[in-house]
Novice: 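Pasting in a structure now, in structure tokens, and then I'll have a few things to ask.
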Amino acid sequence: MINTLPRVRFAPSPTGYLHVGGARTALFNWLFARKTGGVFLLRIEDTDAQRSTDEHTQVILDGLKWLGLDWDVGPVFQGAEVERHRADAERLLADGKAYRCFCTKEELEAQRKAAGSGGDAFKYDRRCDRLSAEEVKARIESGAPNVIRFRMPDEEIAWDDAVHSRIVFQGKDLDDLVILRSDRTPIYNMAVVSDDIAMRITHVIRGDDHISNTPKQIALYRALGAPIPIFAHVPMILGADGKKLSKRHGATAVGDYRNLGILPAAMRNFLALMGWSPGEDREILSEEEMLALFSLEGIQKKPAVFDTTKLEWMNGQYLSRLPAQDLVEPVARELDRMSVNYGALHVLLPYIEAVKARSRTILDIARQVAVRLDSRQVEYDEKARKLMDKMGADYAKSLTAATGTLRALEESEWSAEPILEALKARVESDGMKLGDLLQPIRVALTGSTVSEPVNELLAVVGRSSSLARLTAAAERSG
RNA sequence: GGCCCCAUCGUCUAACGGUCAGGACACCACUCUUUCAAGGUGGUAAUACGGGUUCGAUUCCCGUUGGGGUCACCA
């Protein structure tokens with residue numbers, strides 16, 4: 001039956017970037033639509049003309065595409081539908097379910113203050129609802145600005161939330177909300193309900209922060225005589241300090257993670273695990289597996305802290321499963337940004353091969369490739385400095401010894417095996433530990449205490465560059 | 001403050017009345033490597049608290065505490 005197919009929507013407002021919480025909401029909608037064979041609609045809620053920009057809209061679309069979340073309908077812009085929003089609001093007025101309110105913002109503020117500090121949330125006292133028909137008519141004719149206010153019924157409003165199960169509100173606790181402004185533009189809750197009805201949305205999957213909007217919207221559905229969709233309120237994503245994710249937590253937009261060198265597949269996998277569990281202790285999931293296992297019932301009720309360390313681990317997992325060939329282009333892009341010369345693309349392959357296993361992001365890989373390509377990219381990190389301090393004069397001595405041994409190798413012998421053998425022989429004859437000879441090389445060449453095996457490192461960097469860099473490093477510290 | 005939501009290792013989570021409370025990240029140890037890692041193996045670590053219901057509670061009910069959301073002519 002064609003009309004039982006689920007229809008879901010992701011409805012961001014283009015007043016900021018696509019943050020990870022929004023991306024995760026979009027992902028759940030997409031997963032649900034794809035799993036059920038339903039329709040995924042994208043709606044841009046741009047009715048806040050002050051804060052909405054085309055640039056933000058574009059960033060949101062790019063972010064969704066990057067994550068591989070394709071939509072079936074849209075993007076439709078909410079702003080294009082104000083006529084219908086207005087018509088729905090006026091229908092409510094005509095049906096006697098809403099009334100005109102002449103109170104100005106200033107008067108409302110005064111009422112709020114007068115009523116204030118009473119403990120309860122402020123509720124409009126409906127003074128304009130008690131105006132006589134003649135009075136209303138007179139005020140309209142005098143040109144007094146007015147809004148349309150929805151008369152909240154005094155009844156129980158409840159729904160069976162797909163993730164929270166039953167949630168109950170009392171109409172008497174809710175305010176008479178404005179649904180049409182004095183400039184005749186709609187208010188959010190009116191626009192959303194009007195759009196969701198028009199788009200025949202069957203499942204509203206959105207953030208937890210909309211729970212308190214839901215009873216207002218249900219009241220509107222009822223008043224409009226429309227069927228009420230199933231609601232699924234997914235928990236928020238929090239920062240490491242347990243607070244709502246915001247700019248001060250650092251990277252919060254999906255674009256930030258793209259720039260950091262996170263793969264879209266890893267991001268999508270990680271996001272799916274924020275508040276949802278596939279069961280069976282599964283962590284790394286392909287798109288097919290996600291679709292097979294996904295269900296609204298598996299969604300967690302409690303908010304989740306965004307753990308970038310685990311995201312990076314997961315990205316590392318994806319990275320190590322990816323052939324180096326697939327990484328050439330993204331790494332090259334990064335190197336271009338860093339203005340590092342590499343000549344032709346295929347040159348990068350052995351470098352990427354060398355560092356891939358120890359990298360968690362594409363940026364990691366690019367930085368390490370850069371260091372191997374160009375000595376000017378070397379920066380000594382804290383551990384490296386510590387080692388140099390600890391070794392003192394032995395550092396330069398060790399480097400000099402290694403250089404002497406390595407210089408004896410011909411260009412044709414410069415590969416991992418012979419290099420290792422030569423160094424081992426040197427250690428043997430000098431009676432030192434292999435690590436004492438190798439670690440300084442590692443530090444001198446990379447600025448770090450961590451790398452692929454040193455003989456492989458030397459092979460990748462190449463004979464002339466290695467010798468030059470080791471000599472320079474020995475002189476500098478000696 | 002009113003209304004609403006939530007509560008298992010530091011973090012993400014499994015458990016749908018009976019488990020030594022499982023897995024993953026992080027951390028620690030060991031292992032492999034005549035090298036640092038990566039990998040492999042193992043370990044530390046949790047049911048917020050108090051009452052019930054039950055032969056038996058992480059699980060069901062109530063309360064407390066703690067966190068979060070929301071209360072606009074914003075979305």
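Chain naming here is simple, since letters A, B, ... match the order of the sequence lines and numbering starts at 1 in each.
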Novice: Taking only side-chain N and O atoms of A:Q300, does any of them lie within less than 4.0 angstrom of OP1 or OP2 on B:A14?
Specialist: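 For B:A14, OP1/OP2 do have a side-chain N/O of A:Q300 under 4.0 Å.
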Novice: For nucleotides B:A29 and B:A15, find the distance between their C1' atoms and express it as a whole number of Å.
Specialist: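 After rounding to an integer number of Å, I get 30 Å for this pair.
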Novice: Does the B:C73 base have a donor-acceptor partner in the side chain of A:S182 within less than 3.5 Å?
Specialist: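 Pair found.
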Novice: Pick base, sugar-phosphate or nothing for A:N455, based on heavy-atom distances below 4.0 Å to the nucleic acid.
Specialist: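 Base, at least one base atom sits under 4.0 Å.
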Novice: Check this one for me: any side-chain N or O of A:K302 less than 4.0 Å away from OP1 or OP2 of B:U8?
Specialist: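 Answer yes for this pair, as a side-chain N or O of A:K302 is under 4.0 Å from OP1 or OP2.
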Novice: Looking at A:T47, I'd like to know whether one of its side-chain N or O atoms comes within less than 4.0 Å of OP1 or OP2 on B:A75.
Specialist: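 Answer yes for this pair, as a side-chain N or O of A:T47 is under 4.0 Å from OP1 or OP2.
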Novice: Checking side-chain polar atoms at under 3.5 Å, does A:T361 have a donor or acceptor matched by the opposite partner on A:N315?
Specialist: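 Per modelled atom types, A:T361 and A:N315 side chains form no pair under 3.5 Å.
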Novice: B:C6, OP1 or OP2 - any side-chain N/O from A:H164 closer than 4.0 Å?
Specialist: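 Affirmative; the distance criterion is met.
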Novice: Can you see if the side chain of A:R426 gets near the phosphate of B:U34 - specifically, an N or O under 4.0 Å from OP1 or OP2?
Specialist: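 No, because none of the side-chain N or O atoms of A:R426 sits under 4.0 Å from OP1 or OP2 of B:U34.
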Novice: Check this one for me: any side-chain N or O of A:R360 less than 4.0 Å away from OP1 or OP2 of B:A26?
Specialist: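 True: A:R360 side-chain N/O within range (under 4.0 Å) of B:A26 OP1/OP2.
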Novice: Looking at RNA chain B, which of residues 363-371 of chain A put a heavy atom within less than 4.0 Å of it?
Specialist: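 Here the set is empty: none.
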Novice: Any residue in residues 185-198 of chain A with a heavy atom nearer than 4.0 angstrom to RNA chain B? Just list them by number, or reply none.
Specialist: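 Of all residues in residues 185-198 of chain A, the ones placing a heavy atom under 4.0 Å from RNA chain B are A:I187, A:Y188.
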Novice: For A:V443, answer base if it contacts any base atom (sugar-phosphate contacts may also be present), sugar-phosphate if it contacts only those atoms, and nothing otherwise; contact means non-hydrogen atoms under 4.0 Å.
Specialist: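 If one applies the 4.0 Å heavy-atom cut-off, A:V443 turns out to touch nothing in the nucleic acid.
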Novice: For the P atoms, the ones on B:A75 and on B:G66, what distance do you get once it is rounded to whole angstrom?
Specialist: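 Here B:A75 and B:G66 have their P atoms 35 Å from each other.
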Novice: Would you kindly check whether a donor in the side chain of A:E283 faces an acceptor in the base of B:G23, or vice versa, at under 3.5 angstrom?
Specialist: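 By the distance-only test, yes, there is a pair.
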Novice: Just call it for A:V178: base, sugar-phosphate, or nothing, with non-hydrogen atoms closer than 4.0 Å on any strand.
Specialist: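 The answer is sugar-phosphate, as A:V178 gets under 4.0 Å only of primed atoms, P, OP1 or OP2.
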Novice: Given the ring of A:Y124, does A:R149 sit roughly above its face, with NZ or CZ under 6.0 Å from the centre of the six-membered ring and within 45° of the axis?
Specialist: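 Yes.
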Novice: Would you mind classifying the nucleic acid contact of A:T309 as base, sugar-phosphate or nothing, using non-hydrogen atoms under 4.0 angstrom?
Specialist: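 Sugar-phosphate only.
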Novice: Just by distance, no angles: are the side chains of A:N213 and A:H210 close enough, under 3.5 Å, to form a donor-acceptor pair?
Specialist: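 Yes, side-chain donor-acceptor contact under 3.5 Å.
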Novice: Mind checking if A:G275 touches a base, just sugar-phosphate, or nothing, with heavy atoms under 4.0 Å?
Specialist: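 The residue A:G275 makes sugar-phosphate contact but no base contact.
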Novice: When you compare B:G2 with B:C60, how far apart are their C1' atoms, in angstrom units rounded to a whole number?
Specialist: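 Going atom to atom, C1' in each nucleotide, I get 29 Å.
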Novice: Please determine whether any donor N or O and acceptor N or O are separated by less than 3.5 Å between the side chain of A:D173 and the base of B:G2.
Specialist: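 Counting by modelled atom types and ignoring angles, no donor-acceptor contact under 3.5 Å is found here.
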